[in-house]
2 protein chains.
Amino acid sequence: MARPPASPSARKAGPVTLGMVAEASGVSPSTVSRILNGTAVVSAEKKAAVDRAIAELGFVPNPIARGLAGGRTMSIGVITQFIDSPFFGVAMRGIEETLSEAHYSALFVSGHWDVEVEQRCIDTLMGRRVDGMIILNGRVGDAALRQLAKQVPTVVTGRSIKAPNVYAMDYDHREGARLATQHLIARGHRDIAHIGGDQSHSDARERLAGYQTALEAAGIPFRPALVECGNYLEEGGRQAAERLLASPQRFTALFAANDQMAMGAAVALHKAGLRVPQDVSLVGFDDLALAMHMTPPLTTVHQASLELGRLTAQALLEMLAGGKPTLKLPEPRLVERDSVAAVARSIGR
Amino acid sequence: MARPPASPSARKAGPVTLGMVAEASGVSPSTVSRILNGTAVVSAEKKAAVDRAIAELGFVPNPIARGLAGGRTMSIGVITQFIDSPFFGVAMRGIEETLSEAHYSALFVSGHWDVEVEQRCIDTLMGRRVDGMIILNGRVGDAALRQLAKQVPTVVTGRSIKAPNVYAMDYDHREGARLATQHLIARGHRDIAHIGGDQSHSDARERLAGYQTALEAAGIPFRPALVECGNYLEEGGRQAAERLLASPQRFTALFAANDQMAMGAAVALHKAGLRVPQDVSLVGFDDLALAMHMTPPLTTVHQASLELGRLTAQALLEMLAGGKPTLKLPEPRLVERDSVAAVARSIGR
DNA sequence: TTGTAGGCGTTATCAG
DNA sequence: CTGATAACGCCTACAA
């Protein structure tokens with residue numbers, strides 16, 4: 001009877017090597033390698049013998065050696081901006097899940113929204129011979145990206161770029177923002193303020209554009225004084241809301257370009273004695289896990305972050321397999337919760 | 001004039017190898033290796049020549065090859081439970097920062113609170129020949145940990161274990177919980193409910209114990225009916241609060257074992273028409289980034305998560321350098337914000 | 001102090 | 001179909 005395979009971490013001395021498997025099953029190392037990789041057809045009996053030896057010895061191929069031998073390292077570099085981002089964190093989970101199912105490991109690094117840091121991350125990752133790269137809303141230029149893609153297949157989000165060996169996936173931020181604003185308009189709001197993101201990011205510009213589009217479609221003039229920008233963080237949202245509150249502008253609704261800023265804005269509103277949604281309606285963007293647990297639960301535009309992670313990983317996997325991915329992100333959709341109220345129609349007052 | 005070193009990612013063909021550096025500087029590969037690792041004393045002139053060659057060629061040692069050659073991989077395995085945890089996310093950031101300063105890379109993997117998954121993570125990580133391991137509140141048994149530590153230095157949080165090559169760091173959860181409860185008591189509350197965490201985790205048990213300790217110290221009898229447990233997630237907190245609300249028990253304050261559950265509880269309170277803090281005071285635990293941006297901003301026990309990450313990494317680095325770390329986590333402290341109000345003394349009503 | 005040789009665990013390229 | 005043999009890029013005796 002075959003002894004149950006020993007857990008690798010329970011092994012005593014040096015790890016079981018491919019060579020040991022070869023010896024134990026009476027074939028050459030090359031044959032074992034072939035079986036492992038499906039590189040060539042091997043006679044059934046030898047394969048059986050090897051498989052048994054692998055199981056008995058509890059052999060696990062060494063990715064390091066594999067990588068050195070010019071083969072693949074079975075690892076994928078993933079660049080995010082901050083590893084503790086509530087939005088990208090979920091995407092990373094999706095990436096990790098999908099990748100590990102395919103026996104790949106993800107190497108997560110943070111670019112800190114800084115081109116140079118990000119470039120260094122890329123260099124580090126390439127030094128570790130990753131087989132592919134996923135860049136979540138990176139800041140490096142398209143040129144650097146093309147350069148990178150010459151070495152490994154690359155999937156990027158947050159930008160549209162057409163280049164060999166690069167697959168770009170992005171949300172329709174504009175449409176999402178339009179939806180949010182339109183929802184407010186449909187509830188009777190006309191004085192709608194917007195807290196935008198850092199306008200050097202295309203997604204922030206798109207969201208602003210979507211806001212404008214909805215306004216225009218409803219025949220409401222766009223008033224620049226009603227938009228203040230933050231940095232996509234709670235604090236920035238709070239400050240932007242405070243500026244709005246301090247200005248002479250009046251508004252009955254607020255559309256924040258992401259949930260974190262919406263959260264910050266909610267605090268500012270609260271401190272100013274304004275209630276959500278009775279005094280001002282609030283809509284966010286992203287649908288972070290916490291959106292539904294805010295008080296009141298936040299109406300927001302759903303971005304499938306887990307899906308985003310899964311799909312980017314899946315796309316990369318397809319490229320690694322020599323295919324051409326055609327995956328697309330789901331359409332944005334509004335999630336209605338309790339932070340929006342209708343404005344009372346003030347007919348002929 | 002020496003040309004500026006080419007960025008690795010700008011290189012054309014194959015990477016620059018140690019051998020090429022050796023050739024360019026007219027020494028043997030071993031000498032270059034020695035200089036790189038400070039393994040032996042080398043004549044100043046040769047060292048200068050090599051250093052120059054390294055700079056000119058933009059040589060970066062290949063960690064993969066290094067790892068294979070039995071040296072170190074300059075990578076550290078980090079096991080968390082969920083990569084998108086708001087609490088551990090920040091800790092991971094600290095780890096990444098500290099490690100990268102020392103030119104180490106972190107390999108983050110998620111154990112999903114599951115012993116088997118976690119064990120598989122450990123095996124994967126060891127397969128990748130990490131030089132050390134950081135396990136954030138892991139679930140594997142102490143035995144497995146000791147076994148692991150035989151192979152690489154290990155730092156763990158969330159448990160106390162004394163073993164060779166293992167360094168355990170933990171917070172004083174009990175004291176933190178005591179502080180929170182005491183604060184409520186000092187504000188006049190006597191009917192204080194508690195939303196606990198999963199009692200199979202020691203930190204959750206400790207926090208409950210701290211709550212009891214404070215009660216006892218104030219001569220307030222502990223009432224089991226006032227404690228409901230969740231899973232450290234918002235949803236669990238909401239449900240626990242709902243159970244509490246549905247029970248015949250009355251309470252004027254609520255101490256949640258973490259901020260996420262406090263957030264969920266806030267929603268339940270809100271839906272029940274109860275205001276925080278006017279109707280019920282609320283205290284959390286962890287001081288997540290979002291605690292200060294809740295409405296109202298949450299009074300909570302500060303756990304220095306960034307510090308936690310930095311210190312675990314630093315401790316590991318010290319072990320890697322052959323030292324014995326003595327680092328300790330800062331004491332818990334209460335952060336007062338706006339979610340607690342005093343109970344009006346109801347004398348002789 | 002420095003160079004040579006061998007090996008780390010795999011994969012790839014040849015012959016057979 | 002299968003087995004030698006040579007890399008992969010670096011480290012570490014051992015020898016000089």
Side-chain angles (χ1 to χ4, degrees), chain A residues 8 11 13-50 53-54 57-75 103 126-131 151, chain B residues 8 11 13-50 53-54 57-75 103 123-124 126-131 151:
Chain A
R11 285 191 310 265
V16 181
T17 71
L18 181 149
M20 297 167 67
V21 172
E23 194 174 1
S25 45
V27 302
S28 73
S30 341
T31 300
V32 178
S33 176
R34 285 181 190 109
I35 293 177
L36 250 35
N37 303 285
T39 312
V41 190
V42 181
S43 73
E45 39 185 342
K46 297 211 169 183
K47 173 160 167 46
V50 170
I54 288 179
L57 272 49
F59 166 72
V60 178
N62 180 334
I64 303 284
R66 250 211 252 246
L68 221 214
R72 281 147 298 116
T73 52
M74 300 305 283
S75 60
H103 302 286
M126 290 311 297
R128 291 191 177 273
R129 298 295 182 276
V130 294
D131 297 334
Q151 312 189 48
Chain B
R11 284 193 311 266
V16 181
T17 71
L18 182 149
M20 297 167 66
V21 172
E23 194 175 1
S25 46
V27 302
S28 75
S30 26
T31 299
V32 178
S33 174
R34 286 180 188 110
I35 292 177
L36 250 35
N37 303 288
T39 312
V41 189
V42 181
S43 73
E45 38 185 342
K46 296 211 170 184
K47 175 161 165 46
V50 170
I54 289 179
L57 272 50
F59 166 71
V60 178
N62 180 335
I64 302 285
R66 246 207 251 248
L68 223 212
R72 280 150 297 120
T73 53
M74 300 304 283
S75 60
H103 301 288
D123 290 346
T124 303
M126 291 310 297
R128 293 193 177 272
R129 299 292 183 277
V130 295
D131 297 333
Q151 312 188 48

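Predicted, not measured: the structure shown is a model, and the values here were computed from it. Residue numbers begin at 1 in each chain, while the letters A, B, ... track the order of the sequences.
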Indicate the atoms forming the closest heavy-atom contact of [X] with [Y], along with that distance.
X        : Y         : answer
Ser75(B) : Arg128(B) : OG-O, 4.5 Å
Val16(A) : Val21(A)  : CG1-CG2, 4.3 Å
Ala22(B) : Pro29(B)  : CB-N, 3.6 Å
Arg34(A) : Val42(A)  : CB-CG2, 4.2 Å

Among all residues two or more places apart in sequence or in another chain, which pass the side-chain contact (heavy atoms from CB on, under 4.5 Å) test with Thr17(A)?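 Thr17(A): side-chain contact (heavy atoms from CB on, under 4.5 Å) contacts with Met20(A).
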Could you give the angle between the helix axes at the two ends of the helix from dT1(C)-dA16(D) to dG16(C)-dC1(D), with five pairs per end, rounded to 10 degrees? 40°
What range of DNA chain D does chain A touch, first nucleotide to last, counting atoms under 4.0 Å from its heavy atoms?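 Answer, 5' to 3': dC1(D) to dG9(D).
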Upstream residue (5' side of DNA chain C) when Asn62(A) and Val27(B) are each assigned their closest nucleotide: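 Going by which nucleotide is closer to the 5' end, it is Val27(B).
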On DNA chain C, check which nucleotide each of Ser43(B) and Ala69(B) is closest to and give me the residue with the more 5' one. Ser43(B)
Assign [X] to base, sugar-phosphate, or nothing according to its heavy-atom contacts below 4.0 angstrom with the strands shown.
X        : result
Pro29(B) : nothing
Ser33(B) : base
Thr31(B) : sugar-phosphate

Residue pair Thr39(B)/Arg34(A) against DNA chain D: nearer the 5' end by closest nucleotide is Arg34(A)
Span of DNA chain C, from the first to the last nucleotide whose atoms fall under 4.0 Å of chain B heavy atoms: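 Boundary nucleotides touching chain B, in 5' to 3' order, are dT1(C) to dG9(C).
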Give, for atom CE of Met74(A) and atom OG1 of Thr124(B), the distance between the pair rounded to the nearest 0.5 Å.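 The distance works out to 11.0 Å.
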Say you draw a straight line from OG1 of Thr73(A) to CZ of Arg129(A); how long is it, rounded to the nearest 0.5 Å?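 Atom-to-atom, Thr73(A):OG1 and Arg129(A):CZ are 9.5 Å apart.
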Results of side chain to side chain donor-acceptor pair (under 3.5 Å) for Lys46(B) - residues two or more places apart only: none
Does any donor atom in the side chain of Thr31(A) or Ser28(A) lie under 3.5 Å from an acceptor atom in the other side chain? yes
Donor-acceptor list for residues 60-72 of chain A side chains, cut-off 3.5 Å, not counting sequence neighbours:
residue: Asn62(A); atom: OD1; partner: Ile64(A); partner atom: N; Å: 2.7
residue: Asn62(A); atom: OD1; partner: Ala65(A); partner atom: N; Å: 3.2
residue: Arg66(A); atom: NH1; partner: Asn37(A); partner atom: OD1; Å: 3.0

Hey, are the side chains of Leu18(B) and Leu36(B) touching, using non-hydrogen atoms and a 4.5 Å cut-off? yes
